[in-house]
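Below is one structure; the comments refer to it alone.
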Number of protein chains: 2
Amino acid sequence: MAEHSYLGEFELMILLTILRLGDEAYGVPLSRELSLSRGRRVSVGSVYAALDRLESKGLIASSLGDATPERGGRAKRYFRLTEQGLRSIHETRSVLNKLWKSLPTPEELA
Amino acid sequence: MAEHSYLGEFELMILLTILRLGDEAYGVPLSRELSLSRGRRVSVGSVYAALDRLESKGLIASSLGDATPERGGRAKRYFRLTEQGLRSIHETRSVLNKLWKSLPTPEELA
DNA sequence: CATAAGTTCGTTTATAGCGAAGAAATGAAG
DNA sequence: CTTCATTTCTTCGCTATAAACGAACTTATG
């Protein structure tokens, strides 16, 4: 068990995207947004898999929406960050910020 | 194939550690340093595996050292960043920095 | 019942992680 | 001088978790 391990890039982006989408944070738009901000295709499968991981780690929580009033049918599963999820974003940020110090400019390569 | 995918935390730390160690960037001290800066044990096996991956992706290059004048015997395999490796660090940084904007403080959780 | 919106499932590949085994040189014991 | 235990370092084999993909399934609507 990883015990503490900082967030990977993908999971991090998912958390941030959930925040950004707010009320519209469910699978389909999440994977659409992720594709956009990544600049490449992101399959729905990989998004749901990551969402499941994040939920089982307690960083997000989900709840099923009520019957949709729209054309397509299936119930939406909405996601939101838990307090722990938000904390882990901040932790990850501070860890990475530390890493950047000591980073030389592109010239310093022998 | 990932085609562009930004660096994960572990690989990123390896690249930065190679930079920092300079002339002493080979397997054993790398894994020692990584353990320190991570604050937890890092097995040599996982370090070498990541080094192999990074090399095959062209982000680092390795060369075998000459006969060691010291006690222990086996030849060292030295690593250095390629130009591409250095570039990918900078890219990763700028991508992540963008992500941080729009990050709310811990209070803004419904 | 065709169609649309959503999610779940099965599978495959890549990353991480670990310790034991292997390789190569040194220096000490006999 | 020759064996050999010791040191330093790397390779190997294996297991677990993360990432990725698209087809299949579910549920509602017109």
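Letters go in sequence order (proteins before strands), and every chain restarts at 1.
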Atom pair distance, as rounded to whole Å: [atom1] in [X] and [atom2] in [N]:
X        : N       : atom1 : atom2 : answer
Arg40(B) : dG17(C) : CZ    : C1'   : 9 Å
Arg53(B) : dT15(C) : CZ    : C1'   : 5 Å
Leu30(A) : dA5(C)  : CG    : P     : 17 Å
Leu12(A) : dA18(D) : CG    : P     : 15 Å
Ile14(A) : dA19(D) : CD1   : P     : 8 Å
Leu59(B) : dA14(C) : CG    : P     : 15 Å
Glu55(B) : dA14(C) : CD    : P     : 17 Å
Phe10(A) : dA16(C) : CZ    : P     : 15 Å

Which residues satisfy the salt bridge (Lys or Arg N to Asp or Glu O under 4.0 Å) test with Glu24(B), sequence neighbours excluded?
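Salt bridge (Lys or Arg N to Asp or Glu O under 4.0 Å) check on Glu24(B) returns nothing, list empty.
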
What residues, two or more places apart in sequence or in another chain, satisfy salt bridge (Lys or Arg N to Asp or Glu O under 4.0 Å) together with Arg38(B)?
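Scan of Arg38(B) (salt bridge (Lys or Arg N to Asp or Glu O under 4.0 Å), adjacent residues dropped) gives Glu9(B).
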
Check Tyr26(B) against Arg77(B) and note the closest heavy-atom contact, atom names and distance.
CB-O, 3.1 Å

Extract from the structure each pairing of a protein N or O with an N or O of nucleotides 11-15 of chain D at less than 3.5 Å, listing the distance.
from    : atom 1 : to       : atom 2 : distance (Å)
dT11(D) : OP2    : Arg77(B) : NH1    : 2.9

Is there a donor-acceptor pair closer than 3.5 Å between any side-chain N or O of Ser62(B) and the backbone N or O of Tyr78(B)?
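Answer holds: no.
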
OP1 or OP2 of dT15(C) under 4.0 Å from side-chain N/O of Lys57(B)
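So the side-chain polar atoms of Lys57(B) do come within 4.0 Å of the phosphate oxygens OP1 or OP2 of dT15(C), strictly under.
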
Using only side-chain N and O atoms of Arg38(A), determine if any of them is under 4.0 Å from OP1 or OP2 of dA20(D).
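Answer yes for this pair, as a side-chain N or O of Arg38(A) is under 4.0 Å from OP1 or OP2.
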
Using the rule that two of Ile, Leu, Val, Met, Phe, Trp, Tyr join whenever any of their side-chain heavy atoms come within less than 4.5 Å, decide whether Met13(A) and Trp100(B) are in one cluster.
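They do share one cluster, since a chain of ILVMFWY contacts under 4.5 Å joins Met13(A) to Trp100(B).
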
Can you check side-chain contact (heavy atoms from CB on, under 4.5 Å) on Leu86(A) and Leu15(A), steps first, answer last?
CA-CA 8 Å; Leu86(A) 193 53; Leu15(A) 293 186; over 6 Å; no

All ring-ring contact (aromatic ring centres under 6.0 Å, His included) counterparts of Phe79(B), not counting sequence neighbours
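Partners of Phe79(B) by the ring-ring contact (aromatic ring centres under 6.0 Å, His included) criterion come out as none, since no residue qualifies.
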
Please tabulate, one pair per line, each protein N/O and nucleotide N/O from nucleotides 4-7 of chain D that are separated by under 3.5 Å, including the distance.
from   : atom 1 : to       : atom 2 : distance (Å)
dT6(D) : O2     : Arg71(B) : NH1    : 3.2

Side chain to side chain contact (heavy atoms under 4.5 Å, CB included) involving Thr17(B) - partner list, sequence neighbours excluded
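Side chain to side chain contact (heavy atoms under 4.5 Å, CB included) check on Thr17(B) returns Arg20(B), Leu21(B), Leu30(B), Glu33(B), Leu34(B).
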
In plain terms, say whether Glu55(A) and Arg80(A) are close enough for a salt bridge, that is, a side-chain N and a carboxylate O under 4.0 Å apart.
no

